[in-house]
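Remarks on the structure that follows.
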Amino acid sequence: MKNLYVKLAVISLLFGQMAFSQGLRIPGNTNFPSSAGRSVGATNIEIKWNAPGVKGREGKIWGTDVAPYGYTVLGFGSDVESPWRAGADENTTISFSTDVKINDQALPAGKYGLHMALYADSTVLIFNKNTEGWGSYFYDKTLDMLRVPTRQLKNQTPTVKRLNYTFENQTPVSVDVALVWENWKIPFTVVVDSKANTLAYIKTQMTGALGFDPPSLLAAANWCLRNDLNYEQALSWVNAAVDPRLGGIANFSSLSIKAKLLEKLNRNTEADTLLKQAISNAGIMELHSYGRQLLSEQKIDEAFTVFEKNYKTNHGAWPTNVGMMRAYSAKGDFKKAIAHAKTALGQAPDEPNKKAIAEAIKTLESGTAL
């Protein structure tokens, strides 16, 4: 009988060790290995966790041994007070490819062990440098990179049977992340610096093969121009884009972008000279689009000059009468705007354009500017 007790003790010890083995994987584990990710602009977010099930423990999850409140000594060789592991088995981990803000608090790019200190009406999110631990048994608070408070939502329905991480309410610069399990939801918001991250991503691409590709160089420079940053480097990208050794061409698009960058850098004389060169090289649709752009910027006199040049140079061909219609409308001369609109109506190449011009005529005839 004594030998039997000894054998049972040894077997119990072996099974206890196997429960913590990270090398041995036994099929049928009830905690499902899971992952979820989301991209916000140039930022990639990835979460990995083992998902436990409720398994008949409704009302017995939160504030119990399953998901204890505060910090507890978990035993099994651990003698430190530890938060909840925010999952099961190994560390729950979360990674960010760029710097982010979690509930308005800064967190550098990187991969973190995610823990949660739970309380009855609040939760502290803990982002820890250790990503290889078994749960939070050997939690080391000196490795915490960020602790940030949040507030859980209780009595959520329907019941979530297996722990999950979700992404909601995404915008170009943020997304709401939440742990959901049983009838709790523990949310937090991730915010990214979209412009800074996108610029960094563009710069990286420009150091590779795309740094020799004129269209890519021009696209990168134009992005900087539209987002009001990085003018000097953008100018260098345009200069490379028009370099004939790379197959670049000094056309309206490239020259106008360069001229605007020069204007941003207060090199106005160079900008004016280059813009005149760009306009002289422009095609009929390029001039029309440029005139529309100037109108959107409320540069009415400059827009009128461009539309008029397009109209005269191209002898009133489509869509130059549309341009003159918009130019005179912006100046408040509705009579001349309507005259050009009626000519444009007869030139319209398809039904959608005819319909749009007919609506414009009605608007102008009512005494309203376009």
Side-chain angles (χ1 to χ4, degrees), residues 195 198-199 202-203 205-207 209-331 333 336-337 340 343-344 347 349 370:
K195 282 188 179 182
T198 301
L199 178 59
I202 289 172
K203 285 183 176 182
Q205 293 181 84
M206 290 300 100
T207 64
L210 294 183
F212 302 97
D213 178 53
S216 297
L217 287 160
L218 200 59
N222 195 36
W223 184 89
C224 293
L225 178 64
R226 288 186 288 107
N227 287 277
D228 295 314
L229 44 72
N230 200 44
Y231 299 138
E232 290 284 1
Q233 189 168 31
L235 184 60
S236 71
W237 288 336
V238 173
N239 288 334
V242 300
D243 190 333
R245 293 172 297 179
L246 297 179
I249 300 174
N251 54 23
F252 173 79
S253 179
S254 59
L255 293 177
S256 61
I257 291 173
K258 182 175 180 178
K260 290 171 188 173
L261 286 169
L262 288 169
E263 183 179 335
K264 293 286 187 181
L265 292 166
N266 295 317
R267 294 162 61 175
N268 295 323
T269 301
E270 294 175 75
D272 291 343
T273 300
L274 199 61
L275 187 57
K276 290 176 182 177
Q277 182 183 346
I279 291 174
S280 68
N281 289 334
I284 187 170
M285 291 307 299
E286 288 174 322
L287 281 177
H288 183 71
S289 296
Y290 183 55
R292 292 288 301 271
Q293 178 187 324
L294 290 171
L295 280 183
S296 70
E297 297 170 357
Q298 298 300 311
K299 297 178 180 179
I300 295 173
D301 290 338
E302 292 176 48
F304 188 92
T305 299
V306 169
F307 282 130
E308 188 175 48
K309 174 180 172 56
N310 205 19
Y311 176 75
K312 291 180 178 179
T313 301
N314 293 288
H315 310 292
W318 172 265
T320 62
N321 276 290
V322 177
M324 293 305 295
M325 170 191 76
R326 293 190 175 278
Y328 278 116
S329 171
K331 281 184 169 290
D333 191 337
K336 289 183 178 179
H340 281 286
T343 302
Q347 297 173 322
L370 299 175

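- The aromatic rings of Y311 and H340 sit perpendicular, their planes meeting at an angle over 60°, well past the 30° parallel limit.
- Between K258 and V242 the shortest side-chain heavy-atom distance does not fall below 4.5 Å.
- If you take CG on N251 and CD1 on I257, they are separated by 8.5 Å, rounding to the nearest 0.5 Å.
- For the pair W237/I202, a side-chain contact is recorded, criterion being any heavy-atom separation below 4.5 Å from C-beta on.
- Between the side chain of S254 and the main chain of I249, a donor-acceptor pair closer than 3.5 Å is present.
- Formation of a donor-acceptor pair under 3.5 Å by the T313 side chain with backbone atoms of N310 is not found in this model.
- Pairing each heavy atom of A337 with each of S329, the nearest pair is CB-N, 3.8 Å.
- Taking CG of L235 as the reference point, atom CD of E232 lies at 6.5 Å (rounded to 0.5 Å).
- In this structure, the side chains of T273 and E270 stay at 4.5 Å or more apart for every pair of heavy atoms.
- Rounded to the nearest 0.5 angstrom, K260 NZ and R226 CZ are separated by 10.5 Å.
- Of the possible polar contacts, one joining the N227 side chain to the W223 backbone as a donor-acceptor pair under 3.5 Å is found.
- Rounded to the nearest 0.5 angstrom, M206 CE and D213 CG are separated by 7.5 Å.
- For the pair Y328/M324, a side-chain contact is recorded, criterion being any heavy-atom separation below 4.5 Å from C-beta on.
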Less than 3.5 Å apart, which donor and acceptor atoms pair up between the side chains of residues 275-285 and the rest of the protein, not counting sequence neighbours?
from : atom 1 : to   : atom 2 : distance (Å)
S280 : OG     : Q277 : O      : 2.6
N281 : ND2    : Q277 : O      : 3.4

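- Side chain of S296 to backbone of Q293: a donor-acceptor contact under 3.5 angstrom is found.
- Looking only at distances, a side-chain donor or acceptor of D333 sits under 3.5 Å from a matching main-chain atom of K336.
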Test side chain to side chain contact (heavy atoms under 4.5 Å, CB included) applied to K195 and L229, step by step: CA-CA 9 Å; K195 282 188 179 182; L229 44 72; 4.1 Å; yes
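- Residue pairs meeting the salt bridge (Lys or Arg N to Asp or Glu O under 4.0 Å) criterion with at least one member in residues 238-252, sequence neighbours excluded: D243-R245.
- Minimum heavy-atom separation, A241 to P214: O-CB, 3.5 Å.
- The shortest side-chain heavy-atom distance between R326 and V322 falls under the 4.5 Å cut-off.
- Once rounded to the nearest 0.5 Å, the distance linking OG of S256 with CG of L261 reads 9.5 Å.
- Without hydrogens or angle criteria, N230 side chain to Q233 main chain gives no donor-acceptor distance under 3.5 Å.
- Of all heavy-atom pairs spanning A344 and W318, the tightest one is O-CZ3, 3.7 Å.
- We find the CG-OH distance between L262 and Y231 to be 12.5 Å, quoted to the nearest 0.5 Å.
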Pairs under 3.5 angstrom only: tabulate donor-acceptor contacts from the side chains of residues 298-306 to other protein residues two or more places apart or in another chain.
from : atom 1 : to   : atom 2 : distance (Å)
K299 : NZ     : E297 : OE1    : 3.4
D301 : OD1    : K331 : NZ     : 3.0
T305 : OG1    : D301 : O      : 3.1

Start with the C-alpha gap between H315 and T320, add the side-chain angles, then the distance that decides, and say whether side chain to side chain contact (heavy atoms under 4.5 Å, CB included) holds. CA-CA 8 Å; H315 310 292; T320 62; over 6 Å; no
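- Among all heavy-atom pairs drawn from A234 and A221, the shortest one is O-CB, 3.4 Å.
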